[in-house]
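Below is one structure, written out as structure tokens; comments come after it.
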There are 2 protein chains.
Amino acid sequence: MDYKEFKKIYEVSNRDISREVYRNNKGIILIKKEKTAVNNLEKIFNAVFNISYKKGFQAMSMRALSQKTGMSLGSLYAYFKGKEDLQDIIQIQGWSIIKKDLEKVLKSHNNPWERLKAVIKAHVFLSELFRPWFYFTFMEARNIKAVKSMEDHTQKILTNILVEGEKQGVFKPGNHELTASMIKAMQQEWYLKRWKYKKLNISVDQFAGHLMGLVEAFCLAPGQEGCA
Amino acid sequence: MDYKEFKKIYEVSNRDISREVYRNNKGIILIKKEKTAVNNLEKIFNAVFNISYKKGFQAMSMRALSQKTGMSLGSLYAYFKGKEDLQDIIQIQGWSIIKKDLEKVLKSHNNPWERLKAVIKAHVFLSELFRPWFYFTFMEARNIKAVKSMEDHTQKILTNILVEGEKQGVFKPGNHELTASMIKAMQQEWYLKRWKYKKLNISVDQFAGHLMGLVEAFCLAPGQEGCA
DNA sequence: TAAAAAAAAGAACGAACGTTCATATTTAAA
DNA sequence: TTTAAATATGAACGTTCGTTCTTTTTTTTA
């Protein structure tokens, strides 16, 4: 599966995400009309990603956000209780995207190697599709407890596949927890250093392919190459 | 070489770094006595790393820095022109540490595989020794031009070793630029996610060893394993 | 078209920020 | 010990921040 296929199957847009945020926060958001709210939420998120890309969320002023969105300061506060809440909303939604996706892919394969490939690739493709969400979630989530537990969660998924695969003789023995960590680090590379790959003219498919090659060389037991 | 040996050979302390900063900025720093200046600079750097670890440098107030260092607000401004300059000083010094080290290790090996191993390991060990500097430099250096060119520089070093090694038949053919990127991503993992490895009880030697195993499996040409 | 509801606007407020500077304290020199 | 230089202090300043709230504008309903 390449990125093009993935996008067709996945069928979720930034607008869908904004709609989800609206419905999850109807109690807080003071706007009644869904269309208006979703429209403005999309504007807000885009502006936040844009402004905080260079200097971080803390350095983004509400006045800058007002200017970038074209909304007044007063209007903005109809969509969140305060600046910190805005950050929380984005983070929570970001993790939700990642989590839901991983669980969907997990169910769609049984063979450990196929499953591992699918999980790794899906994550890379998803981070391409929602790069600003991924970038923001990583960069603004420093020492937060919820973030650590989510990192643990997604890492455990990879670890479990590797452990299960070793039992079946598909993967070499090894410290699977460490391997899972390394895989995660390489996945993150894609959305953290976009400028680099743009410059080198490397596509997301090339990147994912290279990552799969690395994992195959290190993890796959001898004589299993036919499965690749 | 393990971390213990590395530390013995490297022989640079946080105090040495502070002294270097003082000597490089004698024009700006208003304090005449080296001992006083170096002492306070060390206090300042430690406090900056401590406070900005959780919420970032932007969120650190000068008053918080004053409290943590035990120095008055006025005193602090004898060591840097302004808050932004303080950040620049730390970043520049951070990159300087990385650059000097890499160049030293480069000269100490000729065989490509030995050289690759030495460069990768040295970087991981160095990031362990000066983790706060590495963490700060990565997290606070977002879209800055100087940072990108430094990232390019260190990546090019890895790429060149891989290309040279392929010519000599030591390494498999492949997209070496991409491989270098992946290696860098895994190196960064060590200082960005310290909490994870502390929790898993994984030492820097274990981590470096695992990374070397991955690189060996992916890069080393068949029949070269004897060198490892 | 008139009344009611919803949404947008932006001036105003207090708090917190980075920075300065006149003064006090400490250290070194005479 | 006295004098001069170096260093430390923290109140005060102007600015900018996040946030609120009354008013205006727009949209919907009757």
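Here is the naming used below: chain letters follow the sequence lines, and residue numbers restart at 1 for every chain. Only a predicted model underlies this, so the values are computations on that prediction, with no experimental measurement involved.
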Do the side chains of B:Glu5 and B:Lys121 get close enough for a salt bridge, i.e. N-O under 4.0 angstrom?
no
Whether A:Lys33 contacts D:dT28 is assessed here as follows: a side-chain N or O lying under 4.0 Å from the phosphate OP1 or OP2. Is that the case?
yes
Select base, sugar-phosphate, or nothing to describe what A:Phe80 touches, counting heavy atoms under 4.0 Å on all strands.
nothing
5'-most by nearest nucleotide on DNA chain D - B:Arg63 or A:Gln58:
B:Arg63
Separation of atom CG in B:Leu30 from atom C1' in C:dT27, rounded to whole Å:
17 Å
Please tell me whether B:Tyr197 and A:Ser181 have a donor and an acceptor in their side chains that are separated by less than 3.5 angstrom.
yes
CG of B:Leu73 versus P of C:dA16: gap in Å, rounded?
15 Å
What is the nucleic acid contact for A:Ile31, judged by heavy atoms within less than 4.0 Å: base, sugar-phosphate only, or nothing?
sugar-phosphate
By nearest heavy atom, map B:Ser72 and A:Glu84 onto DNA chain D; which one lands nearer the 5' end?
B:Ser72
Closest contact, heavy atoms only, A:Thr36 versus A:Tyr79:
O-OH, 4.0 Å
Atom-to-atom span, CD of A:Gln67 to P of D:dC17 - whole angstrom:
11 Å
Phosphate-side-chain proximity, B:Tyr79 and D:dA8, N/O vs OP1/OP2 below 4.0 Å
yes
Separation of D:dT15 C1' from B:Lys83 NZ (nearest whole Å)
15 Å
Would you classify B:Ser61 as touching base, sugar-phosphate or nothing, given that sugar-phosphate means primed atoms plus P, OP1 and OP2, and contacts are heavy atoms under 4.0 Å?
sugar-phosphate
Could you check, using the six-membered ring where one of them is a Trp, whether A:Phe134 and A:Trp190 have ring centers closer than 6.0 angstrom?
no
How many Å lie between CG on A:Leu65 and C1' on D:dT19, as a whole number?
14 Å
Would you mind classifying the nucleic acid contact of B:Asn40 as base, sugar-phosphate or nothing, using non-hydrogen atoms under 4.0 angstrom?
sugar-phosphate
Rounding to an integer number of Å, can you tell me how far B:Met60 CE sits from D:dC17 P?
18 Å
Specify the separation, in whole Å, of atom CZ of B:Phe57 and atom C1' of C:dC17.
13 Å
Distance test, side-chain N/O of A:Lys32 to OP1/OP2 of C:dA6, below 4.0 Å:
no
Between atom CD in B:Glu34 and atom P in C:dT27, what is the gap in whole Å?
19 Å
Pairs touching residues 185-204 of chain B that satisfy salt bridge (charged side-chain N to carboxylate O under 4.0 Å, His left out), sequence neighbours left out
A:Glu151-B:Lys193, A:Glu151-B:Lys196, A:Asp152-B:Lys199, B:Glu189-B:Lys193, B:Glu189-B:Lys196
